[in-house]
Number of protein chains: 2
Amino acid sequence: MSPSDVEATPARAPSKAPTRKGENTRNQILETALRLFRERGYDGTTMRAVAEEAGVSLGSAYYYFRSKEHLIQAYYQRSHDEHLQDCSGRLGSERDLEARLLLVLRSKIDTSAPYHRFAGQLFRTASDPDSPLSPFSEESLPVRRQATELLQRVVEGSDAKVTPTLAQELPGLLWLYLMGIILFWVHDRSTECVRTYRLIDRTTELVVRVIGLASMPLLRPLVKSAVVLTTELRRLATPDHLGEALGEEAP
Amino acid sequence: MSPSDVEATPARAPSKAPTRKGENTRNQILETALRLFRERGYDGTTMRAVAEEAGVSLGSAYYYFRSKEHLIQAYYQRSHDEHLQDCSGRLGSERDLEARLLLVLRSKIDTSAPYHRFAGQLFRTASDPDSPLSPFSEESLPVRRQATELLQRVVEGSDAKVTPTLAQELPGLLWLYLMGIILFWVHDRSTECVRTYRLIDRTTELVVRVIGLASMPLLRPLVKSAVVLTTELRRLATPDHLGEALGEEAP
DNA sequence: GTCTATAACCGGATAGAC
DNA sequence: GTCTATCCGGTTATAGAC
């Protein structure tokens, strides 16, 4: 159509830029998949059904998404985007740490609600350490980092006093806490997931209290141990003898 | 899938005892499966291979084990038995809580070592809340209870002073702690899983210290919260019996 | 080189004959 | 209780179309 229809394809680098057409098809497939996941759950959604409802062939679906699981990575990103959009604005007007934390956690559950059934089955594949979908995996790092940044904002935007040592590790610890809540949620069969909300209320209170106590001299060693814990967890993603500083590198 | 299948044993046997013949075949299949799991991992082991190496047909394998996943339940039980046998005797001569806890945790990792690869893939299916293999599920209750009892012995056989409230919930909390360690372990790619052992050393110290501090009046509310946590967790296994109409039904 | 489609393959699971 | 035959769905190979 346009004379420079050629797109800015780099000469040497592997052409990552997809054509407009492909982009549309890809989106169509993704939207269809997420809808079917919501309607029928993960296992109930066959790749054949996704392809058919998206109006493409099975082969095309696999052209755009290497596997059924790769559709999940897209879900992670979307889930986080919706979470961010839902709670980001409301964070501005609140200074109390517990209130901020509550807001963010509840928002995560709120926005994830339509995917509750799906998330359960999802969690299965996600907890295979070998799967690129493990929340600890290399591939999940971008979303994980974004989520951790949100939690960092929660802490830094509050009026809570946190010792520097703890402040540095706190977002990572809170991400871990969030993972625990989500793990509870996917198992939660109560109506409207009231149990999860109750758990959030009670544990958040606990967490904030612990943070408050962390400056007590007597508890100093505990803080130290908690920091060690996150360090170990970060190392988990790296295969043994590699140095430090994962989580900071961009390709 | 069907929530009401209590046992993996074949046939709704009108007579109680399974036939000797069947018992043998069943064992043969199970041993073969566990060996192949060790040698090739979970995904690498096909039901066809299990059947073939066990000298039975595919259909027979499915006669004894409703699904590939049901073989895992058997692994749970065996793993716990080996754990118990490995550490039970050595527990008698030690009174220090940290030492006792260390012993039990290390023993769990020691005895599970041959199944490391398998356990990783296993964890996948095990964390589907709908799967009967979820550690929180009804079906897993017997093994879970046995494991909790072991942890109860760890506490009660020690010379640590624990307030009655905490003492009652501590085994459940420690079981949760053990689950966390195992979760770390299945992700651990370090040689000989040194990181897991290091994590055990460091967190056990932390855990014991927290237990020691739990009697401080200032920390009383924290203990209360922790107890609430286990209560909520226990409820997860039960399908919402609190008078509310259940919006979900099993097909 | 980008995209689409058809026809397999493989392994988990089931039906039903014996 | 044991088998064979078959289904079903994720995945792959491959042959073209644009």
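Letters go in sequence order (proteins before strands), and every chain restarts at 1.
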Checklist entry - Closer than 4.0 Å, any side-chain N/O of Ser60(A) to the OP1 or OP2 of dA5(C)? => result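 True: Ser60(A) side-chain N/O within range (under 4.0 Å) of dA5(C) OP1/OP2.
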Next on the checklist: I want to check one thing: is the phosphate of dT4(C), taken as OP1 and OP2, less than 4.0 Å away from some side-chain N or O of Thr25(A)?
Outcome noted: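 Yes, because at least one side-chain N or O of Thr25(A) sits under 4.0 Å from OP1 or OP2 of dT4(C).
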Just how far, in rounded Å, is [atom2] of [N] from [atom1] of [X]?
X	N	atom1	atom2	answer
Leu71(B)	dA13(C)	CG	C1'	13 Å
Phe65(B)	dG1(D)	CZ	C1'	15 Å
Asn24(A)	dT4(C)	CG	C1'	15 Å

[Y] versus [X], side-chain donor and acceptor atoms under 3.5 Å:
X	Y	answer
Glu169(B)	Thr230(B)	yes
Lys68(B)	Thr46(B)	no
Tyr197(B)	Asp110(B)	yes

Item to check | With Gln28(A) via side chain to side chain contact (heavy atoms under 4.5 Å, CB included) - residues at least two apart | outcome: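 If we apply the side chain to side chain contact (heavy atoms under 4.5 Å, CB included) test to Gln28(A), skipping adjacent residues, the hits are Thr32(A), Ala54(A).
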Next on the checklist: Please encode protein proximity along nucleotides 8-18 of chain D as a string of B, S and -, counting only heavy-atom distances under 4.0 Å.
Outcome noted: -BBBB------
Next on the checklist: Less than 4.0 angstrom from a charged side-chain N to a carboxylate O is my criterion; do Arg48(A) and Glu52(A) meet it?
Outcome noted: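 Judged by the 4.0 Å cut-off on N to carboxylate O distance, Arg48(A) and Glu52(A) do not form a salt bridge.
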Item to check | Partner set under ring-ring contact (aromatic ring centres under 6.0 Å, His included) for Tyr75(A), not counting sequence neighbours | outcome: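 By the ring-ring contact (aromatic ring centres under 6.0 Å, His included) rule, Tyr75(A) matches Tyr115(A), Phe118(A).
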